[in-house]
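Read the structure below first, then the notes.
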Amino acid sequence: MQTFVFMRKDDDAANLFAGPSQIKLEGHNVDILEESFAPSERRLEMSDTDIWKLFNDAQRNIVYLNKQRLAAVEELKKLQREKELLLGRIEQLEAGKQMNVVEGTVTKPMLLSSFSELLLRIDSMVLLGMIGTSEASDIRKKVMDRKDNIPDVFHDIQQKTDMELLSELRQFSEKTMRKALHIVHICSEMEPVVSFGSLASCVTGLSCALQRDGNLVEVILPKYANMDLDAIQGLRKAEAEFDSYFSGRWHKNRVWIGVAGGLGLTLIEPVYHSSFFNRDRIYGYSDDFERFTYFSRASMDYLVKSGKQPDILHIHNWETAIIGPLFWDIFVHQGLGGTRVLFTCHDLSSQCLEQPDKLGLCGLDPHRLHRPDRLQDNNKTHLVNILKGGIVYSNKVVMMSSVLSKERIIHSLSHGLEPTLAIHKEKLLIAPYGFDGTKWDPSRDKLLPANYSADDIGGKAVCKVALRQRLGFSGCSSAIVGCIFSGVIDIDVDNLKPAIQHALRKGVQCIFMGLKTPVRSTTMQALQEELKDVNMRFVNKYDEALLHLILAGSDIILCSSFDDPLFQIPLKAIKYGSSPISLDIRNGGFRQFEGHDFRSISRKEGFRQSERHDFGSLMSTQYIISTFGKMSLYQALDEINNDPSRWTWRMKDGMSKDFSWDAECLDIHWAAYTFIKNL
């Protein structure tokens, strides 16, 4: 038997065998007892080979365990370093070191900053275990594919929690999977090129929202003499002209193309009938039917001859409603078999009644269309109703209103079209108006002295101080009440005077300003004299920057009605943390919504979009009516003074809502587009 001598100091020898008395080795379970080193018969009988085998096994297992431990430690350190690096970079971004905004535009550093920050937040979500690596990879790919749109799609990334941002990222990921649509609006107005009423802002706002959502949107307008051509980028006349049919002949038309608000724009200019749109006004002429029928037919001829095959033709009001029967009777078999028609009506009171034989001007058959189930007017049966034709011959019909229900429109505000609307009720939808969320948002409004949001409302107090200083108010007050109106005709003086007098007695500071129209009428001057007070201000000239400050600095905004399709002051007031109070309130009752109880509806949660539309009321409608519908100025001031915590909650709750074109209005139109496209 060979003898092995271990040359160690006594202390080293003791340390060598210190530790647990039982060690589990890979593939072995060896008991090492201190007394085992004492002589015994069993140990004396062990061979040299057995001892070496045990020793080598022990050494191999010790080395293996050490390697695994070291690898785990290194991996942990690496993850810790990555986490610290990511958190550090996120903190830098949150401090705003990479934000760079130029007036009216998003610069490249701004785009890169938003893009980079978004990717870092996704990384952070992975490290925090909120999402798996597979989902994160999928979201990153979709973000990178549309990185140029990131600043438009994701706002205020720094202010959002991880859960809020993750919800938006998942919605964004879902939207990118949608099949993009080609949508062509044929209409008579578009902001900022030519604007008369709510149609202009709706066409531009909805179209921009649709394009931000990944769709291709184009607009076709007549080339008016009084339109703002400076608002069109790259405007140029196309070399080729095209022919369109009208009054038994084919006529030449010039085509102008450009970009307005990021949207492709086509202007059609008649050559022979040049006087149709070479006028001072857009509407109000005895030959308006001829003018817009010519334009509608020319637009359809242009689409066919240019080879365009849009998924959706979106027509608006009676001016282009004739396209409905034109499409199905003449053009559907000219390469437009896959196209569908959506008709939006902003005003049922303007319908255009004409002699049936005039339908022949654009190539339609008067005898075929002058029938009760087609274009024949429901009351004046010897005439045709052009607006009715748009309703009958469209795949879906959208009525624009921020506060009215489908039933209310059909039975009370149909202006003689109730039988038609009742027959076509299933294809009738209600969509709310919106506003430009990139412009009207207190969290990034460049016209405010301080920005604020529902999560941090500190900036609103700064805006209130700035508003008082701007208008020369001395001292503080319990509240500031702004009154914003679009014209003198909208002011209910009988309701307004006692309400304002009550507010002034309470020490409230009040501000009046007209939109686009100066406060100089006889009615307003008399009101100004009657309400003269140190806490009263009349702004005699419209001021865009001041309007933003009034919305931000006021606690309450008085408005003529919640239904404000042109300016959307009630919705903007809510977004800026100012409660809209309607002057239509009498004795605590809200006239527009008598007989409709929206309070129970607003408490329902989780019902489908289609169910809301079938019922006929919108989420935005339900919120506005349930929250502000029956509140008078007296009640609002009482809550501010006696229940400030509830008032603050109401204000922050409203600010968290999205009333922009990108919200419910976009969702409803998208649902309508996809539904009719699949017919």
Side-chain angles (χ1 to χ4, degrees), residues 90-101 103 110 113-114 117 121 151 154-165 168 435-482 484 507-511 544-557 569-581 623 627-628 636-637 639-660:
I90 289 171
E91 287 176 1
Q92 286 184 340
L93 289 170
E94 289 177 347
K97 293 182 179 180
Q98 298 184 35
M99 302 300 291
N100 183 14
V101 180
E103 183 72 23
M110 171 67 172
S113 175
S114 300
E117 180 178 357
R121 290 288 293 272
F154 294 94
H155 309 307
D156 310 316
I157 297 175
Q158 299 164 333
Q159 278 75 40
K160 289 183 170 63
T161 65
D162 285 337
M163 287 303 299
E164 291 172 335
L165 188 57
E168 289 188 7
F435 53 77
D436 185 349
T438 63
K439 180 181 179 182
W440 298 98
D441 184 346
S443 67
R444 48 182 169 157
D445 190 331
K446 297 185 289 294
L447 296 177
L448 298 182
N451 295 121
Y452 59 96
S453 66
D455 295 325
D456 182 5
I457 62 171
K460 187 169 177 68
V462 177
C463 293
K464 186 173 289 190
V465 172
L467 179 59
R468 287 192 174 108
Q469 292 176 345
R470 171 79 181 269
L471 296 177
F473 284 118
S474 59
C476 296
S477 64
S478 58
I480 296 179
V481 174
I484 311 296
V508 172
Q509 294 167 336
C510 301
I511 306 160
E544 174 83 7
L546 182 56
L547 174 59
H548 285 247
L549 189 57
I550 291 174
L551 289 171
S554 298
D555 300 286
I556 297 167
I557 296 293
I569 292 300
L571 299 183
K572 292 173 182 175
I574 294 171
K575 188 64 181 176
Y576 278 70
S578 303
S579 294
I581 302 297
Y623 172 77
T627 308
F628 306 105
L637 292 174
E639 187 171 294
I640 289 174
N641 293 321
N642 299 319
D643 197 351
S645 60
R646 177 172 175 77
W647 182 263
T648 300
W649 174 87
R650 188 192 301 274
M651 176 182 68
K652 294 169 71 173
D653 183 52
M655 291 179 65
S656 67
K657 303 289 188 292
D658 186 358
F659 298 111
S660 71

Item to check | Lys575/Asp658 under salt bridge (Lys or Arg N to Asp or Glu O under 4.0 Å): CA gap, chis, key distance, verdict | outcome: CA-CA 8 Å; Lys575 188 64 181 176; Asp658 186 358; 5.6 Å; no
Item to check | Test log, rule salt bridge (Lys or Arg N to Asp or Glu O under 4.0 Å), inputs Arg444 and Asp441 | outcome: CA-CA 6 Å; Arg444 48 182 169 157; Asp441 184 346; 3.4 Å; yes
Item to check | Worked check of side-chain contact (heavy atoms from CB on, under 4.5 Å) between Phe473 and Ile511 | outcome: CA-CA 10 Å; Phe473 284 118; Ile511 306 160; 3.9 Å; yes
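Pairs passing the salt bridge (Lys or Arg N to Asp or Glu O under 4.0 Å) check and including a residue from residues 467-482, sequence neighbours excluded, read Arg470-Asp543.
Annotation: side chain of Asn642 is not in contact with side chain of Trp647 (no heavy-atom distance under 4.5 Å). A heavy-atom distance below 4.5 Å is not found between the side chains of Phe659 and Trp440. Residues Pro580 and Ile569 have side chains not in contact (no heavy-atom distance under 4.5 Å, counting atoms from C-beta outward). At least one side-chain heavy atom of Leu546 sits less than 4.5 Å from a side-chain heavy atom of Leu471. Taking 4.5 Å as the limit, every side-chain heavy atom of Ile480 sits out of range of all side-chain heavy atoms of Val508.
The CE atom of Met651 sits 3.5 Å away from atom CD1 of Ile457, with the distance rounded to the nearest 0.5 Å. Atoms CG and NZ, on Asp445 and Lys439 in that order, are 9.5 Å from each other to the nearest 0.5 Å. The CZ atom of Phe628 sits 4.5 Å away from the CD1 atom of Ile574 when rounded to the nearest 0.5 Å. Interatomic distance, Tyr576 OH to Leu571 CG, rounded to the nearest 0.5 Å: 13.0 Å. Within the model, atoms CD1 of Ile640 and CZ of Arg646 stand 13.0 Å from one another, a figure rounded to the nearest 0.5 Å. Taking CD1 of Ile557 as the reference point, atom CD1 of Ile581 lies at 10.5 Å (rounded to 0.5 Å).
The nearest pair of heavy atoms linking Ser477 to Gly507 is CB-O, 3.1 Å. Residues Cys463 and Tyr452 approach most closely at SG-CE2, 4.0 Å, considering heavy atoms. Minimum interatomic distance between Ser474 and Gln509 (heavy atoms only, all atoms of both residues): O-NE2, 3.8 Å. Closest heavy-atom contact between Gly482 and Ile550: CA-CG2, 4.4 Å. Residues Ala479 and Asp555 approach most closely at CA-OD2, 3.2 Å, considering heavy atoms.
Ser578 and Lys460 share a donor-acceptor pair across their side chains, judged by distance under 3.5 Å alone. Defined by atom type and a distance below 3.5 Å, a donor-acceptor pair is missing between the side-chain atoms of Ser453 and Asp455.
Looking at Ser554, its side chain never comes within 3.5 Å of a backbone N or O of Leu551 through a donor-acceptor pair.
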